[in-house]
Participant: 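Got a structure for you, written out below as structure tokens; questions coming shortly.
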Amino acid sequence: MTDERRREVGDSDAPVEDEIEESFDAVVDEGAERLQRTTRVVLATGFAGGLEIGLGVMGYLAVLHETDSHLLAGIAFSIGLVALYLAHSELFTENFLMPIVALVAREGTVRQLVRLWLGTLVSNLAGGWVVMWLVVQAFPQWHTVLEESARHYVDAPFGLQTAVLAVLGGSTITLVTRMQQGTSSDPAKLVAAVAGGFLLAGLQLFHSILDSLLVFGAIQAGAAITYGQWAAWFGYVLLFNVLGGVVLVTSLRIIRSADLLRGRRREAPDAPDRGADEQERGTTR
């Protein structure tokens, strides 16, 4: 189907399907809003995200302790992703799609993206550390399963399998974000959160934030695991999470919406640095 014919049969004049245009606009608008947040809001939102994903970890540990089934525990973990959606907080790995697309659409700057990423990452970990301290004190009967879960990650030797598990972890949570932005139905968005939680925790994919909470809990429970071991594991998992989310999901979304992006870039308001450049050019004249 040609672009001209697609415009004729759709409700809009865009050279893509109407649903694609609607979800694209939602992605750019949400991404621009995140990029424009103040540092205070970024940190508060990320800290809340760490606390809320801790609810999912608490559910995960409860079910794993009783059933020894990672698949059932993965369903329980989805409580955390549902809480993130309903409470409008976020994880670091949720910021691979919307802010990057908004950046390409000239709705923000690289500096804003770096601030969003760093602020969300640090505050996620801080909030997660706090909630895991509470969990460890409240449920001492989970200490053994907590250590076993943590060791599954920090003791894993770096190699192709662990790298791919981290790539899948980053792409899975980014795809959940993409699915939620692709529909206006709240029940459908909750289904996407449950599906993502099941895959992420049930299949024990490597996820920099989720798994860090398990490691923090194990350390707080007295396991012979150090923060140095966590940092060594965290470094490569973070890298491959980013690759998974950006390359496997976000880049394809950008390619699919290239025509729409060109239109948004032409209509975008002046970036913060462009005003100074234009003023300088005017002065030169």
Side-chain angles (χ1 to χ4, degrees), residues 12 14-35 37 45-46 49 52-53 56 74 77-78 80-105 107-108 113 116-117 120-121 124 164-203 205-210 238 240-265:
S12 72
V16 296
E17 293 84 350
D18 296 333
E19 293 81 2
I20 296 294
E21 183 186 18
E22 291 171 3
S23 63
F24 168 81
D25 288 337
V27 166
V28 174
D29 291 344
E30 175 67 18
E33 185 278 326
R34 294 188 182 191
L35 289 174
R37 288 175 183 167
T45 303
E52 287 150 14
I53 205 65
F77 168 73
S78 65
L81 296 185
V82 170
L84 283 171
Y85 169 70
L86 294 178
H88 300 286
S89 51
E90 61 206 37
L91 290 180
F92 165 73
T93 46
E94 290 184 286
N95 283 320
F96 295 157
L97 174 64
M98 294 177 286
I100 291 179
V101 175
L103 177 65
V104 176
E107 295 288 348
L113 178 63
L116 176 66
W117 277 7
T120 305
L121 178 63
N124 275 171
V164 171
L165 285 169
V167 167
L168 290 173
S171 62
T172 296
I173 195 67
T174 306
L175 184 57
V176 169
T177 304
R178 169 68 187 90
M179 290 190 291
Q180 290 177 331
Q181 288 297 319
T183 178
S184 59
S185 168
D186 284 333
K189 292 180 180 182
L190 294 178
V191 168
V194 173
F198 170 76
L199 293 174
L200 195 63
L203 300 184
L205 302 180
F206 280 32
H207 186 271
S208 52
I209 304 300
L210 161 61
L238 181 66
F240 285 105
N241 278 174
V242 173
L243 290 177
V246 173
V247 176
L248 293 185
V249 180
T250 302
S251 63
L252 295 178
R253 177 62 175 165
I254 290 174
I255 293 171
R256 180 67 180 85
S257 305
D259 294 326
L260 296 174
L261 276 168
R262 281 193 288 269
R264 287 294 292 250
R265 286 168 65 88

Participant: Please give me the minimum heavy-atom distance between L210 and A201, naming the atom from each residue.
Facilitator: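 Of all heavy-atom pairs spanning L210 and A201, the closest is CD2-CB, 4.2 Å.
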Participant: Is any side-chain heavy atom of H88 closer than 4.5 Å to a side-chain heavy atom of T45?
Facilitator: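 Answer no - side chains too far apart.
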Participant: In chain order, what residues pass the side-chain contact (heavy atoms from CB on, under 4.5 Å) check against S171, with sequence neighbours excluded?
Facilitator: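 So S171 forms a side-chain contact (heavy atoms from CB on, under 4.5 Å) with L168, L248, V249.
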Participant: Roughly how far apart are L175 CG and R178 CZ, rounded to 0.5 Å?
Facilitator: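 Answer for the CG-CZ pair, L175 versus R178, is 8.5 Å.
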Participant: Output all residues satisfying side-chain hydrogen bond (donor to acceptor under 3.5 Å, both in side chains) with T250, sequence neighbours left out; order by chain, then residue number.
Facilitator: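 T250 satisfies side-chain hydrogen bond (donor to acceptor under 3.5 Å, both in side chains) with no other residue.
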Participant: What residues form a side-chain contact (heavy atoms from CB on, under 4.5 Å) with L165, not counting sequence neighbours?
Facilitator: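 Checked L165 against side-chain contact (heavy atoms from CB on, under 4.5 Å); matches are Q161, L205, F206.
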Participant: Would you mind writing out the side-chain donor-acceptor pairs for residues 92-104 within the sub-3.5 Å range, not counting sequence neighbours?
Facilitator:
from : atom 1 : to   : atom 2 : distance (Å)
T93  : OG1    : H207 : NE2    : 2.7
E94  : OE1    : L91  : N      : 2.6
N95  : OD1    : R34  : NH1    : 2.8
N95  : ND2    : E90  : OE2    : 3.4

Participant: To the closest 0.5 Å, what do you measure between CD1 (I173) and CD1 (I53)?
Facilitator: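 Those atoms lie 6.5 Å apart.
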Participant: Can you measure from CZ (R265) to CG (L261) and round to the nearest 0.5 angstrom?
Facilitator: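 Between R265 CZ and L261 CG, I get 8.0 Å after rounding to 0.5 Å.
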Participant: Output all residues satisfying side-chain contact (heavy atoms from CB on, under 4.5 Å) with L199, sequence neighbours left out; order by chain, then residue number.
Facilitator: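 Checked L199 against side-chain contact (heavy atoms from CB on, under 4.5 Å); matches are T172, L203.
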Participant: With sequence neighbours excluded, tell me which residues meet side-chain hydrogen bond (donor to acceptor under 3.5 Å, both in side chains) with E52.
Facilitator: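 side-chain hydrogen bond (donor to acceptor under 3.5 Å, both in side chains) check on E52 returns S89.
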Participant: Enumerate donor-acceptor pairs with a distance under 3.5 Å from any side-chain N or O in residues 183-191 to protein atoms, sequence neighbours excluded.
Facilitator:
from : atom 1 : to   : atom 2 : distance (Å)
T183 : OG1    : S185 : N      : 3.0
S185 : OG     : A188 : N      : 3.3
D186 : OD1    : Y85  : OH     : 2.5

Participant: Measure the CZ-OG distance between R256 and S251 for me, rounded to the nearest 0.5 Å.
Facilitator: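 That separation rounds to 14.0 Å.
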Participant: Holding to side-chain contact (heavy atoms from CB on, under 4.5 Å), I want the full list of residues that pass it with A26, two or more places apart in sequence or in another chain.
Facilitator: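 For A26, the residues satisfying side-chain contact (heavy atoms from CB on, under 4.5 Å) (neighbours in sequence not counted) are Q181.
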Participant: What distance do L200 atom CG and L81 atom CG have between them, rounded to the nearest 0.5 Å?
Facilitator: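 The CG atom of L81 is 7.0 Å from CG of L200, to the nearest 0.5 Å.
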Participant: Could you tell me if the side chain of V247 sits less than 4.5 Å from the side chain of V242, heavy atoms only?
Facilitator: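 Heavy-atom side-chain distance check fails, nothing below 4.5 Å.
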Participant: How close do A193 and S78 get, heavy atom to heavy atom, and via which atoms?
Facilitator: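 Looking at all heavy atoms of both residues, the closest pair is O-CB, 3.9 Å.
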